[in-house]
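Worksheet for the structure shown next.
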Amino acid sequence: MSIWKHLFNLEERRNWWTRKMPDSPLRDYYDTPFPSRDLDWRQVDYLALDFETTGLEAKQDQILSVGYATVRGDRMLLSDATHILTRPTMAIPESSAVVHGILDDEAAEAQTLEAVMPILLNALKGKALLAHHAAIEYEFLNNACKNLYGYPFLAPVVDTLALEVRHFRMRDQAIRSGDLRLAKARARYGLPRYPAHNALTDALAAGELFLAQVAYRQSRRALRLKDLIVVS
Amino acid sequence: MEIELLEIRDFLSAHHPFDQLPQQALNQMPEKLQIRYFRRGATIPDVGSIDDYLYLVRSGAVEIHGLQDELLARLGEGDLFGYRASHMEGHEKFTGIALEDSLVYQLPATDVDVFCREHPQFSYFFEPAGGDRLRDAISNTGEDGSTQLGLMATQIGEMISRLPITMPPFATIQQTAAVMSDERVSSILITEADETLTGIVTDRDLRRRVVAKGLDTSLPISEIMTPAPYTLDAGDYAFDAMLQMARSNIHHLPILRNGKIAGMLTATDFAQRHTTSAVYLVSSIYKQSEISGLASISAKLPQLLLNLAAADATANSIGHVITAVVDAITTRLLQLAEEQFGPPPVPYAWIAAGSQARSEQTAKSDQDNCLVLDDTYDPSEHGEYFKQLSQLVCDGLNACGYVYCPGEMMATTDKWRQPLKTWKRYFDGWVDQPEPKALMLTCVFFDLRCIAGEKSLFQDLREYLLDKTRGNQIFLAYMAGNALSHKPPLGFFRNFVLISGGDHDHTFDLKHTGIVPIVDLARVYALAAGSHAINTQDRLKEVASGGEVSQGGAHDLRDALEFVSSLRIKHQATQIRAGEAPDNYMSPDDLSHFERSHLKDAFSVVRTMQNVLSQRYLR
């Protein structure tokens, strides 16, 4: 897989999968082009996304809830803000339940991941995925797509954690433990404290952090999507 | 699913005017919002017009500037600007500037319109300052609710139902008594053919003056009637009637309307309405013969204020009641002085100035008074008498908690204890050669009310004064300048009071920045119109029909005054309950969002009217 990353850009790989893939929600998702890397960041739609999961291993653990909202350029729209519980096929480990507060009974009434994925992929269409520490969301999505549809997940990804690392590096600041956590990063931009570990609240929190980060990145040179995304 | 935006909904519901929305509408609002982030120094909006959205500050701080870049408002968490939330009348263009990194919610104008259309309570907030909005705030904070306190707001005219029973003066005593029995009344009015009142006869008069003395009942009733009885006007308040009855120890009070008899008010008319503690307080004042006794009664004033505040009396009523107590104490002190020093050698009028004259006292007031003497006054002969009399009254008032006026505007000061002709000369000087500085000190003498003594002396002086001021542009220009010296704050920003120029105060001075500016405006209007009214509400009511100020403007000022005054009473009541001395300073921390929002309205009304006044006289 990794060799393709270096040989083809994201859009070329999307085209390739589109030609190859049978009909599926993922195929529908790939039908819409990704936002161009050269677009001014304000002309791009982002989906601020957060998962609560049973653990951090995409291969073993499962998604418990999905929260997202669209960031359209310099504003976050709450009109499509969404929170969905998904039903895991395993018991929720206590270690994760204490974090997200989702209990087995609640999860049992939730929709299956199979039912939720088409909704989520539809929301992601034509957008950049935006999350704090996006590798988690990306890997869980990738894993779900492979399991459900047999093909990998692709998207341009904006990671507020990676942007925060760059911010530190650019100012030659040392990063101390905890500095990159969502709440701590938000505090640096004067953003209000939110209760953590609800997928939608965390998605909104990441979206707001992104708005703050780009507000601080504004410079003489127009900021483009490619200046913000992580290589994937 | 939108219900998941709980955090945002809860933020909205904690702030005015969103707290006015029903739960369901509140649940719908978050999804209409867009979230924006503005770096410190950024202009808001960055594109388009400020009217495209209604903005709500979620965190951070924003300043609003006018066309000339002047600071109009400083906004913190929970404050609104943009579409419909214009902050200052008379300013058409605004710019927002982020004072700190700010997270801002924006609601598209079309959605604001929808919410306003569907929820009148919500849309009130966006109407021009004053108008219904302030009125609404006042009715929210309470009007005279209990029947007890209704007395302060009830006009006597509303209490008298049956037509008065009258007899001509030439009717015999027996005939009169027969009519009284038939009509089941305890008193009867004696009137001339043209309905003018000449006297009153009560059961008690028949008992004491006729039966007890074995008088011939075929004599005309005019022989035993009480001639020229006390009367009140149907437009006076029921409370005044109770005070009059208590003061004169009478139980029947003829009521006139336009000089003609309209009815009879009796002590029993109040029975079902129950007497208020204020009236008991006042009637017991007249039973005291020692200053210490008066002082112990005035010590109950804080409790009285608490009772009145708890019963949701209007601030204006409370002012009347509290002032009635000091009026009674003053009158009683004068009676005691006359008992001690003998009857006055020449007529005098004891006159209250300032807040007592305006009937606007609260729990914390000092004394302002003066003495107008008859022109036959001879200092060498009568000087000592009035000096002693003044000393006794002013000392007594001080002992009762009405502390000496720091500016010595008291009858004990020789300058303010003068014959009528000297007073007229004073006003000649103040009105004909006004000096801004002197006016500031003496404007307290443009609010005068006769408390006791020879009323005609006061009336003479008042007419003289009003003749001089009515339409006197030069003098009024000075008074207008004086009226503009106390400016309301721009608004509130977090725990601070924002004053023009962007400075901060830590406390909100309810008196000097809230109430005094309105009192000053009303004084100018009243002097310009030559109005007899003294009380600020009365002045505004009266001048509104005279063209000195617009109807709407006067109405808005009355609402603003009532709102700020009721806030002051609430504040003082809180202090009294906490065992603290009441004062006029409030911490912005203690103001609710609702109160802040309506105070801003009140300030805006005052600012507008100050501008109008300035346009009129100071161009």
Side-chain angles (χ1 to χ4, degrees), chain A residues 42 46 48 50 52 65-85 102 110-111 116 119-120 123 130 160 185-219, chain B residues 1-12 14-15 18 26-48 52-62 76-79 82 97-108 110-111 114 494:
Chain A
R42 283 188 201 79
Y46 312 80
D50 186 69
E52 294 300 318
S65 63
V66 176
Y68 62 81
T70 300
V71 175
R72 178 155 296 158
D74 57 6
R75 67 203 56 192
M76 180 148 59
L77 312 177
L78 297 181
S79 48
D80 68 348
T82 300
H83 186 251
I84 312 175
L85 290 181
I102 299 171
Q111 305 181 63
V116 172
I119 303 172
L120 179 54
L130 169 64
T160 49
R186 284 171 59 85
R188 279 194 293 277
Y189 295 92
L191 291 167
R193 291 179 63 92
Y194 289 153
H197 302 302
N198 166 287
L200 179 55
T201 310
D202 282 352
L204 297 182
E208 289 173 1
L209 176 60
F210 170 72
L211 294 177
Q213 287 171 329
V214 285
Y216 267 82
R217 277 279 291 274
Q218 304 282 12
S219 58
Chain B
M1 274 170 221
E2 296 77 22
I3 200 77
E4 289 296 331
L5 293 166
L6 263 182
E7 212 276 333
I8 292 170
R9 193 205 61 186
D10 290 349
F11 178 79
L12 293 176
H15 294 91
F18 303 99
L26 206 52
N27 288 340
Q28 287 167 356
M29 185 159 289
E31 61 183 280
K32 310 283 185 212
L33 297 176
Q34 304 176 2
I35 302 178
R36 296 290 315 268
Y37 182 88
F38 294 96
R39 255 186 96 167
R40 177 152 47 92
T43 304
I44 309 174
D46 33 15
V47 287
D52 293 344
Y53 295 95
L54 171 68
Y55 297 89
L56 171 63
V57 181
R58 175 64 174 87
S59 66
V62 174
E77 187 181 304
D79 291 329
I97 291 167
L99 191 64
E100 299 170 2
D101 292 343
S102 299
L103 192 68
V104 174
Y105 296 155
Q106 56 185 37
L107 183 63
T110 48
D111 290 316
V114 171
R494 296 189 177 147

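Chain letters run A, B, ... following the sequence lines, proteins first, then strands; residues in each count from 1.
For B/Glu100, no part lies under 4.5 angstrom from a heavy atom of chain A. Residue contact with chain A, scored on non-hydrogen atoms closer than 4.5 Å, is absent for B/Arg40.
With rounding to the nearest 0.5 Å, the separation of CZ in A/Arg75 from OH in B/Tyr105 is 15.5 Å. Note: B/Lys32 NZ to A/Leu78 CG = 11.5 Å, rounded to the nearest 0.5 Å. Residue B/Glu31 holds its CD atom at 10.0 Å from OG1 of A/Thr82, rounded to the nearest 0.5 Å.
Inter-residue side-chain proximity for B/Leu103 and A/Leu211 is flagged as unmet; no heavy-atom pair is nearer than 4.5 Å. Annotation: side chain of A/Asn198 is not in contact with side chain of B/Leu6 (no heavy-atom distance under 4.5 Å). Using a 4.5 Å heavy-atom threshold, the side chains of B/Tyr37 and A/Glu208 count as separate.
Among A/Asp80, A/Asp74, A/Val214, A/Val71, the residue making the largest number of heavy-atom pairs under 4.5 Å with chain B is A/Asp74.
B/Ser59 approaches A/Gly190 most closely through the heavy-atom pair OG-O, 3.4 Å. Residues B/Glu7 and A/Arg193 come closest through the heavy atom pair OE2-O, 4.5 Å. Smallest separation of non-hydrogen atoms from A/Ala215 and B/Arg39: O-CD, 3.1 Å.
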